Chemist: 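Sharing a structure, written as structure tokens. Questions coming.
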Amino acid sequence: MKPLPILAALLAATAISCQKAHDLANKARTAVEAELAKVDDGDKPDSALEKLVDRTGEGVFFRKDLAFPKHLDVTTTRRVELDVRTSETSALGSESGTTKAIETNVNRLERDGDRVRYTLVKSTTAAPDVAGTDQAVKPVESMLAPPSKPRLFLKSGGKWQIAADQGFRGAALSRDLAPVFDELLASYGLAPRPLWFGKKRMKIGDKLTVAGASLPMLISGAASGSLAMELVAFEPVNGHPCGVFTVAGDFSRKNFADFEGVFSDEEVTIRSGKFWLSLLYPVILREEADTIRTFKSGSRGGPISRAQGKVGVSVIRDWKILAPGNPPK
């Protein structure tokens, strides 16, 4: 609520007609009700999960003692706003230019013990948002890639492999991803992140630096660099209680993969960002970052893309724990 504007409206009403005073009071009340409605529509913590938070007067403990779930359903929405110079090299030659676009990818991952099912739900691109444009006129989205059929990965003998009926493409993907599959699981929230805090309780305003060998806590892959963090709030993500950290700094990493078999090398400066870290498990459920990046990416044997420039990143994971006994098919 904002009491000062309401008070100003009431004082002004004494100097004008009763009708105008009535109108101003109605407007003020409507504005306050609208603000309250925004708050009421916000994300609320799940009461059952909130009971698991380890909080005392000395601060909160980021738990890693709970058994990590082996039955999960995680839908990740990743939105990337690009303003970069690009080049692409393939067997047909090279092309260069600039890219200003918003790319949105939605994928779903289901884990049942040693079975993981991956589905690309949506992959689109659109023109960037333009401040001040009519909200009724939205940029037209075009498809980057069609929704995929589910791919099933199985763990056998300590190694992850794609199911045998996935064809030649599946066999190639299985070969490429096998060395980094455990890393992928942690990156996508299907396995715990390593080096998750210490035994110290934390409170608003506490700061820490993540660097060197501790970087996998925030950044998956073979990474180096240093990131400064400050705990600024406690907020839920889809009901899951989290600690919110501001994040800034630089890192680089090589050979970082996704479930589509695209590998990337990148150098990143996070100018400003926020990460929502679970208070219950070693997972990151939301990321917002304004970055400067230099990167190259591509699939094994495919075209290689290079880009440099400003990249805004938004990632939200809808992280659900499932009951055992409903394995991916």
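Just so it is clear, the structure is predicted and the values come from calculations on it, not from any experiment.
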Chemist: Kindly check if the number of other-residue, nucleotide or ligand heavy atoms within 6.0 Å of CZ (Arg78) is above 12?
Modeler: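 Counting neighbours around CZ of Arg78, 12 or fewer heavy atoms of other residues, nucleotides or ligands fall under 6.0 Å, so no.
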
Chemist: Indicate the atoms forming the closest heavy-atom contact of Asn105 with Ser123, along with that distance.
Modeler: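 So the minimum-distance heavy-atom pair works out to OD1-OG, 2.7 Å.
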
Chemist: Would you check if the side chain of Arg111 reaches a backbone N or O of Leu185 as a donor-acceptor pair within less than 3.5 Å?
Modeler: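 No, the answer is negative, given that no donor and acceptor are paired below the 3.5 Å cut-off.
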
Chemist: Do the charged groups of Glu287 and Arg317 touch, with an N to O distance under 4.0 Å?
Modeler: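 Result for this pair is yes, salt bridge flagged.
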
Chemist: Cut-off 3.5 Å, no hydrogens considered: what does the side-chain donor-acceptor table look like for residues 140-148, sequence neighbours left out?
Modeler:
residue: Ser148; atom: OG; partner: Leu120; partner atom: N; Å: 2.9

Chemist: How long is the gap from CZ on Arg115 to CG on Leu152, to the nearest 0.5 Å?
Modeler: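 It comes to 5.0 Å.
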
Chemist: Should we count NZ of Lys320 as having more than 12 external heavy atoms under 6.0 Å?
Modeler: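 No.
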
Chemist: Taking NZ, NE, NH1 and NH2 as the nitrogens, is one of them in Lys274 or Glu288 under 4.0 Å from a carboxylate oxygen of the other?
Modeler: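 No salt bridge links Lys274 with Glu288.
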
Chemist: Under the side chain to side chain donor-acceptor pair (under 3.5 Å) rule, collect the residues that match up with Ser272, sequence neighbours excluded.
Modeler: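 Per chain and number, Ser272 pairs via side chain to side chain donor-acceptor pair (under 3.5 Å) with no residue.
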
Chemist: Applying side chain to side chain donor-acceptor pair (under 3.5 Å), can you list everything that pairs with Glu230, at least two apart in sequence or on another chain?
Modeler: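 Side chain to side chain donor-acceptor pair (under 3.5 Å) check on Glu230 returns nothing, list empty.
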
Chemist: List in chain and number order the residues that pass side chain to side chain donor-acceptor pair (under 3.5 Å) with Asp165, two or more places apart in sequence or in another chain; answer none if no residue qualifies.
Modeler: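 In terms of side chain to side chain donor-acceptor pair (under 3.5 Å), with neighbours along the sequence ignored, Asp165 is linked to no residue.
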
Chemist: Would you mind telling me which of Asp318, Asp73, Thr75 makes a side-chain hydrogen bond (donor to acceptor under 3.5 Å, both in side chains) with Arg108?
Modeler: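 Only one of Asp318, Asp73, Thr75 forms a side-chain hydrogen bond (donor to acceptor under 3.5 Å, both in side chains) with Arg108, namely Asp73.
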
Chemist: Can you list everything that forms a side-chain contact (heavy atoms from CB on, under 4.5 Å) with Lys100? Sequence neighbours excluded, please.
Modeler: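 So Lys100 forms a side-chain contact (heavy atoms from CB on, under 4.5 Å) with Asp83, Pro128.
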
Chemist: Please identify each residue that fulfils side-chain contact (heavy atoms from CB on, under 4.5 Å) with Thr56, with sequence neighbours left out.
Modeler: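 Listed in chain order: Asp54, Glu58, Arg201.
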
Chemist: Could you go through residues 246-261 and list every donor-acceptor pair under 3.5 Å that involves a side-chain atom there, pairing it with any protein atom two or more places apart or in another chain?
Modeler:
residue: Asp250; atom: OD1; partner: Thr269; partner atom: OG1; Å: 2.5
residue: Ser252; atom: OG; partner: Ser224; partner atom: OG; Å: 3.1
residue: Arg253; atom: NE; partner: Glu266; partner atom: OE2; Å: 2.7
residue: Arg253; atom: NH1; partner: Ser220; partner atom: O; Å: 2.7
residue: Arg253; atom: NH2; partner: Glu266; partner atom: OE2; Å: 2.9
residue: Asn255; atom: OD1; partner: Arg300; partner atom: NH2; Å: 3.4
residue: Asp258; atom: OD1; partner: Glu260; partner atom: N; Å: 2.9
residue: Asp258; atom: OD1; partner: Gly261; partner atom: N; Å: 3.1
residue: Asp258; atom: OD1; partner: Val262; partner atom: N; Å: 3.0
residue: Glu260; atom: OE2; partner: Tyr118; partner atom: OH; Å: 2.6

Chemist: Quick one: list whatever passes side-chain contact (heavy atoms from CB on, under 4.5 Å) with Lys203, sequence neighbours left out.
Modeler: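 Result, side-chain contact (heavy atoms from CB on, under 4.5 Å) vs Lys203: Asp206.
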
Chemist: According to the ring-ring contact (aromatic ring centres under 6.0 Å, His included) rule, which pairs have a member within residues 195-231, sequence neighbours left out?
Modeler: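 ring-ring contact (aromatic ring centres under 6.0 Å, His included) check on residues 195-231 returns Phe62-Phe197, Phe197-Phe245.
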
Chemist: Looking only at atom types and distance, does a side-chain atom of Thr104 sit under 3.5 Å from a main-chain N or O of Thr124, one as donor and one as acceptor?
Modeler: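 Between the backbone of Thr124 and the side chain of Thr104 there is no qualifying donor-acceptor contact (under 3.5 Å).
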
Chemist: Report the residues that fulfil side chain to side chain donor-acceptor pair (under 3.5 Å) with Asp114, sequence neighbours left out, ordered by chain and then residue number.
Modeler: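 Asp114 satisfies side chain to side chain donor-acceptor pair (under 3.5 Å) with no residue once adjacent residues are dropped.
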
Chemist: Under a 3.5 Å threshold, yes or no: a donor from one side chain and an acceptor from the other, between Gln308 and Thr294?
Modeler: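 Yes, Thr294 and Gln308 have a side-chain donor paired with an acceptor closer than 3.5 Å.
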
Chemist: Please round to the nearest 0.5 Å and tell me the distance separating atom CD of Glu267 and atom OG1 of Thr291.
Modeler: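 That separation rounds to 12.5 Å.
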
Chemist: With a cut-off of 6.0 Å (strictly less than), are more than 12 heavy atoms of other residues, nucleotides or ligands near CZ of Arg55?
Modeler: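 Counting other residues, nucleotides and ligands, CZ of Arg55 exceeds 12 neighbours.
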
Chemist: Indicate yes or no for a side-chain donor-acceptor contact from Arg63 to the backbone of Val53 under 3.5 Å, with no hydrogens or angles considered.
Modeler: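 No; zero donor-acceptor contacts below 3.5 Å.
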
Chemist: Output a table of donor-acceptor pairs, distance under 3.5 Å, between side-chain atoms of residues 173-181 and any protein atom two or more places apart or on a different chain; print 'none' if there are none.
Modeler:
residue: Ser174; atom: OG; partner: Ile162; partner atom: N; Å: 3.1

Chemist: Enumerate, atom names and distances included, each donor-acceptor pair closer than 3.5 Å involving a side-chain atom of residues 234-243, sequence neighbours excluded.
Modeler:
residue: Glu235; atom: OE1; partner: Trp276; partner atom: NE1; Å: 3.0
residue: His240; atom: NE2; partner: Ser278; partner atom: OG; Å: 2.7

